[in-house]
Each structure stands twice: as structure tokens, then as C-alpha cells.
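As the structure lists them, so they are numbered: ligands from 1, and atoms in each ligand from 1.
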Amino acid sequence: MDQSQAEIFTQILSERRSVRIFDESTPYDEDAVKRSLHAATLAPNSSNMQLWEFYRVKNPQIKAQLADYCMGQKAAKTARELILVVARRDLWRKRKDANLAQIRKVYKGRTDKAAKRAEAYYSSLIPKFYVKDYTGLFSLGKRIFAWSVGLFRPMLREVGDVNARISVHKSAGLAAMTLMYALKSEGLDSCPMEGFDSKRVKKLLKLPAGAEINMIIACGPGKPEGIYSERFRVPDEEVIFTID
Ligand SMILES: Cc1cc2nc3c(=O)[nH]c(=O)nc-3n(C[C@H](O)[C@H](O)[C@H](O)COP(=O)(O)O)c2cc1C
């Protein structure tokens with residue numbers, strides 16, 4: 001019987017577990033990881049700014065060192081690859097320009113409201129949100145502005161420097177999730193990790209100062225004993241609310 005899309009998705013969803021022990025010898029399709037990483041780039045992301053990067057660490061020496069920096073976690077030590085999902089707020093100018101080029105292509109020659117709005121969004125609003133605020137003064141100004149406008153009409157409140165960081169990490173997290181589901185759909189397992197020494201990892205991989213590691217994902221074919229326990233979630237009633 002053909003599986004419906006919902007059934008396929010449910011199967012991927014239920015089979016994806018955080019696996020802490022990987023099979024270190026079974027051959028696996030390295031191109032499946034490449035395909036999954038491409039799938040990750042299709043994840044939704046704020047303003048389509050795509051402020052992320054993915055680093056596949058396959059080199060055995062660097063991988064071993066990196067696993068040490070992941071606090072020696074078994075998932076990291078036995079993984080066939082370690083994938084860093086990196087938040088790159090600092091690339092905002094480059095991505096803003098890429099988006100501007102794209103909308104100019106899409107709206108070519110148009111001067112209507114929609115074209116002007118799209119142009120203004122990337123050329124004027126986006127810089128105000130992403131520009132790094134070293135003194136905190138610009139952030140304060142933006143928050144006061146948002147608060148004042150908010151007295152009279154609905155207004156975005158999350159406009160400070162910290163909110164730009166959060167926003168970039170939100171999108172990176174969604175890409176990480178997409179990556180893990182894509183890996184599972186390819187028959188590969190994963191374990192997301194935030195237990196690592198970011199300073200040492202950044203130095204090891206020579207990442208620029210502005211890069212922030214969102215997550216390190218261990219991946220490869222998992223071993224059944226790599227799933228440590230039955231899946232546990234609190235009841236839906238505790239976390240899902242309906243406002244009728
Ligand atoms: C942001 C994030 C960080 C995590 N960090 C670690 C980690 O450092 N080590 C680890 O073994 N698991 C880590 N996990 C995995 C969680 O423990 C796991 O997702 C949770 O227990 C639910 O189990 P499941 O993924 O099998 O459904 C992390 C998960 C997320 C989303």
C-alpha cells in the first residue's frame with residue numbers, strides 16, 4: 001500500500017531520535033549528507049537572509065579533536081561526521097545585497113508599490129535590524145522608538161541588538177532540524193549537541209569572530225543501543241493550548 005505523505009512524515013518524525021552511539025564501520029552514503037545539507041538550506045529563515053553556514057567535519061584528526069571539545073560525548077566520538085550549524089549575523093550585508101539583487105531581478109523595471117516596498121525592506125529596514133550595535137545606544141533608541149509607536153498601533157517590539165542574535169539563531173535551529181529530518185529520510189541518524197567548548201571549536205576550525213555555533217550535529221548510521229531510552233514527552237495537554 002502506498003504511504004500517504006502524512007504517514008511518511010510521521011514515520012520520519014518517530015524514527016528520528018537523538019542517537020548517542022554510531023556504527024563506526026558500516027559503509028554509508030556520504031552524498032546523502034550532502035543532499036541533506038542542501039535540504040537544510042531550504043528551511044524557512046527570517047527575511048530569507050540565510051545567515052547560516054554548515055561545516056562538515058570528516059577529517060579524522062580534526063574530528064577527534066572536535067569530539068574532545070564536545071566534552072568527549074560518545075555521540076561525537078563515534079559519529080562518522082560532525083556538522084556544525086553556524087549562525088552568521090555578521091554576513092548580513094552580503095545577504096542583504098543578494099536579496100536586493102534577487103528582488104530587482106523579480107521586479108525588473110517595476111516602480112509600483114510592491115516593488116518599492118520590497119526594495120525599501122532590504123535597503124532600509126534590514127540594515128537597521130542587523131547592524132551590530134557596539135555601544136547599546138542604537139538598540140536603546142530603537143526600543144524607545146518601538147515603545148512610542150506601540151502606544152498607538154501594533155508594533156514589533158523585538159528590535160534590540162539581542163533580538164537580531166536570537167532571530168539568526170532561530171533560523172539556524174530550523175535549518176538544523178530540517179537537516180536532521182533529511183538525514184533520517186536518507187536512513188541516517190543524528191544527535192544535536194550544544195554541549196561543546198565554543199571558544200576552542202571556533203579556534204580549531206578557524207571560524208571568524210562574528211560566527212556563533214548554533215549546534216553541532218553528530219551523524220552517521222546509528223546503533224540500536226545508541227538510543228538510550230524510550231521517548232519521553234510531557235502530555236500534550238500541558239503544552240498545547242487552543243483558543244477557540
Ligand atoms: C539545542 C539542543 C541541544 C542538545 N544538546 C545535546 C547534547 O549536547 N548532548 C546530547 O546527548 N543530546 C543533546 N540534545 C538532544 C536532546 O537531549 C534530545 O533531543 C531530547 O532528549 C529528546 O530526545 P529525542 O531527540 O530522541 O526525541 C540536544 C538537543 C537540542 C535540541
Peer 1: Kindly say whether Ala6 contributes a backbone atom to a donor-acceptor pair with the side chain of Thr10 at under 3.5 angstrom?
Peer 2: yes
Peer 1: Which atoms of ligand 1 are found less than 4.0 Å from any heavy atom of Gly195?
Peer 2: 8 (O)
Peer 1: Do me a favour and list the nearest non-hydrogen protein atom to atom 1 (C) of ligand 1 with residue, atom name and distance?
Peer 2: Glu194 OE1, 3.7 Å
Peer 1: Please state which protein non-hydrogen atom is closest to atom 26 (O) of ligand 1 and give its distance, to 0.1 Å?
Peer 2: Arg17 NE, 2.7 Å
Peer 1: Enumerate the residue pairs fulfilling side-chain hydrogen bond (donor to acceptor under 3.5 Å, both in side chains) with a member in residues 204-219, sequence neighbours excluded, ordered by first and then second residue.
Peer 2: Arg165-Glu212, His169-Glu212, His169-Asn214
Peer 1: What residue and atom, counting heavy atoms only, is the protein's closest point to atom 27 (O) of ligand 1, and at what distance?
Peer 2: Arg233 NH2, 2.8 Å
Peer 1: Are Asp197 and Lys199 ion-paired here, with the side-chain N under 4.0 Å from a carboxylate O?
Peer 2: no
Peer 1: How far is atom 12 (N) of ligand 1 from its nearest protein heavy atom, and which residue and atom is that?
Peer 2: Arg20 NH2, 3.0 Å
Peer 1: Does Leu66 form a side-chain contact (heavy atoms from CB on, under 4.5 Å) with Leu84? I'd like the steps, not just the answer.
Peer 2: CA-CA 10 Å; Leu66 185 53; Leu84 275 79; 3.8 Å; yes
Peer 1: Is the side chain of Asp189 donor-acceptor paired with the backbone N or O of Phe22 at a distance under 3.5 Å, no angle test?
Peer 2: no
Peer 1: For atom 19 (O) of ligand 1, what's the nearest protein heavy atom and its distance?
Peer 2: Ser18 OG, 3.2 Å
Peer 1: Counting only heavy atoms on the protein side, is anything nearer than 4.0 Å to atom 22 (C) of ligand 1?
Peer 2: yes
Peer 1: List ligand 1 atoms under 4.0 Å from Arg16, heavy atoms only on the residue side.
Peer 2: 24 (P), 25 (O), 27 (O)
Peer 1: Which atoms of ligand 1 are found less than 4.0 Å from any heavy atom of Gln73?
Peer 2: 7 (C), 8 (O), 9 (N), 10 (C), 11 (O)
Peer 1: Taking the inter-plane angle between the rings of Tyr181 and Phe9 on a 0 to 90° scale, is it parallel (under 30°), tilted (30 to 60°) or perpendicular (over 60°)?
Peer 2: perpendicular
Peer 1: May I ask you to decide whether Lys223 forms a salt bridge with Glu24, counting only side-chain N to carboxylate O separations under 4.0 Å?
Peer 2: no
Peer 1: Are any of the heavy atoms in Pro192 under 4.0 Å away from ligand 1?
Peer 2: yes
Peer 1: State the atoms of ligand 1, each with its element, that fall below the 4.0 Å cut-off from a heavy-atom position in Arg231.
Peer 2: 27 (O)
Peer 1: Ile62 and Leu204: side-chain contact (heavy atoms from CB on, under 4.5 Å), yes or no, with the steps?
Peer 2: CA-CA 8 Å; Ile62 300 178; Leu204 175 70; 4.0 Å; yes
Peer 1: For ligand 1, find out whether one of its N or O atoms is nearer than 3.5 Å to an N or O atom of Met215.
Peer 2: no
